[in-house]
Enquirer: 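One structure follows; several queries about it will come next.
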Amino acid sequence: MRSGIEESTHVGHVAVCDADGRLIAVAGDPDREVFARSCLKPLQTAVALDLIDEDLTDREIAVMCSSHNAESVHLRAVRSVLQRAGLTTSSLRCPPAWPLDPDTMANAGRRRRELHDCSGKHAGMLLACVCAGYERPTYLSRSHPLQRRIRRATLAAVDREDLSVGVDGCGAPIFAASVRDWATLYARLGEPERLGASAEVTELAVGAMLAEPYLVGGRGRLDTDVMAVTGDILVKEGAEALTCAAIPALGLGIAIRAEDGGERAVGPALIRALRDMGGLRRQDATELREHSRPVVLGGGRPVGEIVSDLTLRRPR
């Protein structure tokens with residue numbers, strides 16, 4: 001809404017599922033197939049942790065799950081993971097990139113691999129390869145033993161026998177499944193014995209994200225802010241406007257996808273869904289207003305806001 005006029009509209013798909021895969025609430029088409037993108041990172045990290053014989057800190061594990069802003073705290077954590085493997089940033093195979101954070105970008109100087117928002121995941125994959133004795137240069141190949149492990153874990157996590165495979169923006173293999181499948185996966189993060197990685201390492205990944213939410217995203221990020229405010233709702237943003245959340249206290253997972261990839265639509269929709277499902281307290285919703293009703297600027301001044309009219313319904 002700009003100056004009292006509805007300027008644009010985003011439509012999308014929402015699924016709320018329990019750990020058995022039952023649809024609890026829905027909007028749009030819950031069977032819409034989408035790539036998981038960075039929403040798969042908690043599971044990818046859990047698979048890597050299964051191979052890593054180091055006692056990593058919460059910050060190191062959280063940055064492995066991250067799509068970070070490339071602020072200094074993120075880069076220190078990425079380098080720390082690589083140092084455990086005896087490697088440097090030159091070993092990363094994600095493409096050189098600018099930081100996601102505008103303030104950080106201003107001082108970046110040039111594109112670098114460690115500035116890529118997925119560099120933490122790549123550092124974790126490299127450490128897993130070193131610990132397991134896997135070949136490092138080909139760690140992004142879908143036939144690599146680490147990527148085969150991740151595929152098996154993903155199949156088990158969403159109860160599928162096969163998944164379409166694509167290439168993520170960072171170069172790693174990524175899988176497509178329905179919005180309801182990704183909601184089910186996130187519900188199962190609260191019951192990690194239901195996932196395709198061991199319960200112990202899944203708990204480590206989830207616990208690290210909740211303990212160090214700033215390492216997962218950073219300044220102004222939806223997932224960081226929801227986790228920091230609530231302390232117990234796990235959120236992970238992904239590209240093309242897919243965002244997933246786990247509400248362990250209610251045994252629910254939520255997946256939200258804006259059909260047009262409009263990421264600005266996801267924050268208001270997620271806050272609305274969390275509130276409607278009883279996972280968000282009133283005071284938490286108030287603290288998250290920056291995401292629930294983002295301001296629209298005109299001439300540098302607020303002239304409107306982005307609002308969600310999401311209405312969840314019970315499936316037939």
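We number each residue from 1, following the sequence as shown. Every heavy atom of this structure was used, including side-chain atoms; hydrogens, water molecules and symmetry mates were not.
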Enquirer: Would a single hydrophobic cluster contain both Leu75 and Leu56, if residues Ile, Leu, Val, Met, Phe, Trp and Tyr are joined by side-chain heavy-atom contacts under 4.5 Å?
Expert: no
Enquirer: Under a 4.5 Å side-chain heavy-atom rule over Ile, Leu, Val, Met, Phe, Trp and Tyr, are Ile254 and Val26 clustered together?
Expert: no
Enquirer: According to a hydrophobic-cluster definition based on side-chain heavy atoms being under 4.5 Å apart (Ile, Leu, Val, Met, Phe, Trp, Tyr only), do Leu100 and Trp98 belong together?
Expert: no
Enquirer: Answer yes if Leu242 and Val165 sit in the same cluster of Ile, Leu, Val, Met, Phe, Trp and Tyr residues linked by side chain heavy atoms under 4.5 Å apart, and no otherwise.
Expert: yes
Enquirer: Does the side chain of Pro30 come within less than 4.5 Å of Leu23's, by heavy atoms?
Expert: yes
Enquirer: Can you tell me if CG on Asp53 sees more than 12 non-hydrogen neighbours from other groups inside 6.0 Å?
Expert: yes
Enquirer: If I compare all heavy atoms of Thr243 with all of Gly238, which pair ends up nearest, and what's the gap?
Expert: OG1-N, 4.3 Å
Enquirer: Could you give me the CA-CA distance, side-chain angles and deciding distance for Asp162 and Arg151, then say whether salt bridge (charged side-chain N to carboxylate O under 4.0 Å, His left out) is met?
Expert: CA-CA 9 Å; Asp162 196 19; Arg151 180 179 180 274; 2.8 Å; yes
Enquirer: I'd like to know if the side chain of Glu114 and the backbone of Ser119 have a donor-acceptor N/O pair within less than 3.5 Å.
Expert: no
Enquirer: Could you tell me whether the side chain of Asp20 and the main chain of Arg22 form a donor-acceptor pair under 3.5 Å?
Expert: no
Enquirer: Would you indicate whether the side-chain heavy atoms of Thr89 and Arg113 approach each other to under 4.5 Å?
Expert: no
Enquirer: Looking only at the side chains, is there a donor atom on one of His74 and Asn69 sitting less than 3.5 Å from an acceptor on the other?
Expert: no
Enquirer: Can a side-chain donor-acceptor contact be found between Asp181 and Thr184 if the only test is distance below 3.5 angstrom?
Expert: no
Enquirer: Using a 3.5 Å distance criterion without hydrogens, assess whether the side chain of Arg257 forms a donor-acceptor pair with backbone atoms of Arg32.
Expert: no
Enquirer: Can you tell me how the ring of Tyr139 sits relative to the ring of His122, calling it parallel under 30°, perpendicular over 60° and tilted otherwise?
Expert: perpendicular
Enquirer: Could you check whether any side-chain heavy atom of Arg264 comes within less than 4.5 Å of a side-chain heavy atom of Ser8, counting everything from C-beta outward?
Expert: yes
Enquirer: For Asp225 and Leu288: C-alpha separation, side-chain torsions, deciding distance, then whether side-chain contact (heavy atoms from CB on, under 4.5 Å) applies.
Expert: CA-CA 7 Å; Asp225 290 347; Leu288 292 165; 4.0 Å; yes
Enquirer: Under a 3.5 Å cutoff, is there a donor and acceptor pairing between the side chains of Thr138 and Glu135?
Expert: yes
Enquirer: What closest approach, in Å, do Ala245 and Tyr186 show between heavy atoms, and which atom pair accounts for it?
Expert: O-CB, 3.5 Å
Enquirer: For Ile256 and Ala273, work out which heavy atoms get closest and say how close.
Expert: CD1-CB, 4.3 Å
Enquirer: Arg221 and His68: side-chain donor and acceptor closer than 3.5 Å?
Expert: no
Enquirer: Which atoms form the tightest heavy-atom contact between Ala70 and Thr104, and what is the distance?
Expert: O-CG2, 3.0 Å
Enquirer: Could you go through Val226 and Leu222, starting from their C-alpha distance and side-chain angles, then the distance that decides it, and tell me whether this counts as side-chain contact (heavy atoms from CB on, under 4.5 Å)?
Expert: CA-CA 6 Å; Val226 174; Leu222 173 65; 3.9 Å; yes
Enquirer: When you compare the side chains of Ser67 and Lys236, does any donor N or O come within less than 3.5 Å of an acceptor on the partner?
Expert: yes
Enquirer: Run the side-chain contact (heavy atoms from CB on, under 4.5 Å) check on Thr202 and Thr45 step by step: do they pass?
Expert: CA-CA 8 Å; Thr202 303; Thr45 295; over 6 Å; no
Enquirer: Could you go through Arg188 and Asp18, starting from their C-alpha distance and side-chain angles, then the distance that decides it, and tell me whether this counts as salt bridge (charged side-chain N to carboxylate O under 4.0 Å, His left out)?
Expert: CA-CA 8 Å; Arg188 291 176 176 177; Asp18 65 16; over 6 Å; no
Enquirer: With a 4.5 Å limit on heavy-atom distance, are the side chains of Ser292 and Pro268 in contact?
Expert: no
Enquirer: Kindly indicate whether the side chain of Phe175, heavy atoms from C-beta on, has any atom under 4.5 Å from the side chain of Ile150.
Expert: yes
Enquirer: Please report the C-alpha distance between Glu237 and Arg37 in whole Å, then the side-chain angles of each, then the deciding distance to 0.1 Å, and finally whether the salt bridge (charged side-chain N to carboxylate O under 4.0 Å, His left out) criterion is met.
Expert: CA-CA 9 Å; Glu237 298 176 76; Arg37 305 301 296 268; over 6 Å; no
Enquirer: Measure the shortest side-chain to side-chain distance between Pro294 and Glu305 over non-hydrogen atoms and say whether it is less than 4.5 angstrom.
Expert: no
Enquirer: What closest approach, in Å, do Leu204 and Ile61 show between heavy atoms, and which atom pair accounts for it?
Expert: O-CG2, 4.0 Å
Enquirer: Determine, using the 4.5 Å side-chain heavy-atom cutoff (strictly less than), whether Met64 and Leu146 are members of one ILVMFWY cluster.
Expert: yes
Enquirer: side-chain contact (heavy atoms from CB on, under 4.5 Å) between Leu234 and Ile247: does it pass, once the steps are laid out?
Expert: CA-CA 7 Å; Leu234 185 86; Ile247 315 175; over 6 Å; no
Enquirer: Distance-only, no hydrogens or angles: does the Arg111 side chain make a donor-acceptor pair with backbone N or O of Ala108 under 3.5 Å?
Expert: no
Enquirer: Just by distance, do the side chain of Arg142 and the backbone of Pro173 share a donor-acceptor pair under 3.5 Å?
Expert: no
Enquirer: Do we see a donor-acceptor contact under 3.5 Å between the side chains of Arg59 and Tyr214?
Expert: no
Enquirer: Check for a donor-acceptor pair, side chain of Arg180 on one end and backbone N or O of Ala15 on the other, with a separation under 3.5 Å.
Expert: no
Enquirer: Applying salt bridge (Lys or Arg N to Asp or Glu O under 4.0 Å), name anything that partners Arg84, two or more places apart in sequence or on another chain.
Expert: Glu54, Glu60
Enquirer: Would you confirm whether Ser80, through its side chain, and Ala77, through its main-chain N or O, come within 3.5 Å as a donor-acceptor pair?
Expert: no
Enquirer: Only one of Glu212, Lys121, Gln44, Met209 passes side-chain contact (heavy atoms from CB on, under 4.5 Å) with Cys65; say which it is.
Expert: Met209
Enquirer: Where is the tightest heavy-atom contact between Ile24 and Pro315, given as atom of each residue plus distance?
Expert: O-CD, 3.5 Å
Enquirer: With a 3.5 Å distance limit and no angle check, can you tell me whether Trp182 reaches the backbone of Val34 through a side-chain donor-acceptor pair?
Expert: yes
Enquirer: Answer whether the closest heavy-atom distance between the side chains of Phe35 and Asp168 falls below 4.5 Å.
Expert: no
Enquirer: Count the heavy atoms of every other residue, nucleotide or ligand shown that sit under 6.0 Å from CZ of Arg313, and state whether that count exceeds 12.
Expert: yes
Enquirer: Using side-chain heavy atoms (C-beta onward) and a distance below 4.5 Å, is Ile306 in contact with Val296?
Expert: yes
